[in-house]
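Structure first, then comments.
Just so you know, ligand 1 is whichever comes first in the structure, and atom 1 is the first atom listed for that ligand.
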Amino acid sequence: MVKEKINIVWLKRDLRSQDHAALHRAEVEKIDYLIIYIFEPKMMNYEDSALRHQQFVYHSIQALNKIVKPYKREVTVFHTSAKNAFEHLIQAFDIQHVFSIQESGIQLTWNRDKNLKRLFAANSIQWTEFQRDGIIRGIKDRNGWDKRWYEYAKGSVIQNHFSEATIKPFRHPFALAKPFIDELENYPKSFQLAGEQNGWSYLHSFCRSRGENYSKHISKPLESRRSCGRISPYLAWGNISVRQAYQFIRNHENYSSNKRSFNGILTRLKWHCHFIQKFEVECAYENRCINKGYESLVRTNDEKLILAWKNGQTGFPLVDACMRCLKKTGWINFRMRAMLVSVLCHHFDCDWRKGAYHLAQLFLDYEPGIHYTQFQMQAG
Ligand SMILES: Cc1cc2nc3c(=O)[nH]c(=O)nc-3n(C[C@H](O)[C@H](O)[C@H](O)COP(=O)(O)OP(=O)(O)OC[C@H]3O[C@@H](n4cnc5c(N)ncnc54)[C@H](O)[C@@H]3O)c2cc1C
């Protein structure tokens, strides 16, 4: 039997319908495409991952499905390794091209991608990965990086359009099992809601009113919950692109009356990419000191103190409040994140690696490129 020729859009940390280069390219091609997402057990069981991340992803996909449903499209979800998912797809279809957006992830995802590259090559499948948020793959130094980043941030946002699908919904043996779906759907109300519409709501309310005290309140544990952008999970999982956020804030009618605050958040959008860029070049920072000299430091690493820190039971009210709040809501501000790291590494004399995965699991906005580099900075 002749297999149907198709392309694939493989979603990763880019769960949105607009400013999406991979979806755009798939629409331009002559043959139809499937949109897929893969929940990979190996990644989900890794020490940096938590149910809250998977729930955010799941609900982002549900939100995306609502947008593409009128075009008879849906995200085909797999619960298996990427290798299994693609091998199964290769059996069923004559895949021409895979489109995705680059992932500046940890060594595990980088290795997965290298293996897939081989699988695709062996099956004459082209794989095009589009740039993510102005982060440049394969650079040797960051000379001229700022200029290029601003070109990206101020460049045209992709207006995605969708055609009606000709491929039927694809059924396969790696669907999410009911108990796992139940877990994914049981999303705590205390977390920020997932999906691009919710990301946009935060952007709108920030520019309309919440952002006026951004600079004043950014470091206050309580007030910052309202005055900060609160867009981090949406950027981390790609519900909105950095460029969409940048242009929305910069072009907002309230920009001129809130210049200090709005410029403050715009600068941080660049930091976001700056840190990810560092990690893109060297993902070993996940568990290796950026300054190799620090590897020889001897630490106390008292397990009792580490456990107390993790459980929010150190006896320091602000430290414990932050950790418990993080568990409950998935977010604390920058200053409190820095304070938690500082207490662990300086006051309790622990190696930064003793706490990095713990906070990664708790941050709803866990973004490897920012997390490990920031963690190491705050650890000194
Ligand atoms: C130890 C530690 C770990 C961190 N881990 C993460 C992480 O995993 N994911 C993450 O998104 N941020 C991380 N941050 C950075 C920062 O704390 C959060 O981005 C910020 O608190 C998110 O809230 P917001 O969206 O309201 O930020 P806003 O202040 O409104 O800023 C807007 C956006 O700018 C970016 N941004 C803000 N501050 C920083 C910063 N210092 N460095 C890089 N980008 C920044 C974020 O994308 C943020 O969403 C970490 C900071 C520390 C100290």
Look at [atom] and say which protein heavy atom is nearest, naming residue and atom and giving the distance to 0.1 Å.
atom                    : result
atom 28 (P) of ligand 1 : Y214 OH, 3.5 Å
atom 21 (O) of ligand 1 : F334 N, 3.6 Å
atom 48 (C) of ligand 1 : S232 CB, 4.3 Å
atom 8 (O) of ligand 1  : E367 N, 3.0 Å
atom 33 (C) of ligand 1 : L269 CD2, 4.0 Å
atom 46 (C) of ligand 1 : H272 ND1, 3.8 Å
atom 39 (C) of ligand 1 : W271 CE3, 4.1 Å

Query raised in the report: Are Q277 and R142 close enough, and set up right, to give a side chain to side chain donor-acceptor pair (under 3.5 Å), and what steps lead you there?
Result: CA-CA 9 Å; Q277 180 67 63; R142 289 200 301 278; over 6 Å; no

Query - Nitrogen or oxygen atoms of N333 and ligand 1 under 3.5 Å apart - result: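 No.
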
Query raised in the report: Less than 3.5 Å between some nitrogen or oxygen of G229 and one of ligand 1, yes or no?
Result: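 Among all N and O atoms of G229, at least one is under 3.5 Å from an N or O of ligand 1.
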
Side chain, backbone, both or neither: the part of [X] lying under 4.0 Å from ligand 1 by heavy atom:
X    : answer
L359 : neither
F275 : side chain
L235 : side chain
I231 : both
Q378 : side chain
W331 : side chain

Judged by atom type as modelled, is there a donor-acceptor pair below 3.5 Å linking the side chain of [X] to the main-chain atoms of [Y]?
X    : Y    : result
R16  : G238 : yes
R225 : P221 : no
Q247 : G155 : yes

Report task. Give the numbers and elements of all ligand 1 atoms closer than 4.0 Å to a heavy atom of Y366. Result -> 8 (O)

Query raised in the report: If you count the atoms of ligand 1 from 1 in the order shown, which ones are under 4.0 Å from a heavy atom of V341?
Result: 1 (C)

Report task. Assess R337 against F363: is NZ or CZ under 6.0 Å from the centre of the six-membered ring, and within 45 degrees of the ring's axis? Result -> yes

Query raised in the report: Has R118 got its NZ or CZ under 6.0 Å from the middle of the six-membered ring of F86, at an angle within 45 degrees of the ring axis?
Result: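 R118 over F86 ring: no.
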
Only heavy atoms count here, so choose which of [options] is nearest to [atom].
atom                    : options                : answer
atom 24 (P) of ligand 1 : M377, R230, H371, R337 : R230
atom 40 (C) of ligand 1 : R225, Q374, R268       : Q374
atom 9 (N) of ligand 1  : I265, I370, D365       : D365

Report task. Assess the pair F99 and Y33: is the distance between their ring centroids shorter than 6.0 Å? Result -> no

Query raised in the report: Taking the six-membered ring for Trp, is the centroid-to-centroid distance between F248 and Y255 below 6.0 Å?
Result: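 Here the rings of Y255 and F248 have centres that are no less than 6.0 Å from each other.
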
Parallel, tilted or perpendicular: which fits the ring planes of [X] and [Y], with parallel below 30° and perpendicular above 60°?
X    : Y    : answer
F375 : H371 : perpendicular
Y214 : F206 : perpendicular
Y357 : Y372 : perpendicular

Query raised in the report: Would you call A236 a ligand 1 contact, heavy-atom distance under 4.0 Å?
Result: no

Requested in this report: Identify, with sequence neighbours excluded, every residue that meets side-chain contact (heavy atoms from CB on, under 4.5 Å) alongside T80.
Outcome: F78, N84, A85, F174

Report task. Output all residues satisfying side-chain contact (heavy atoms from CB on, under 4.5 Å) with I290, sequence neighbours left out; order by chain, then residue number. Result -> Y285, T373, Q376

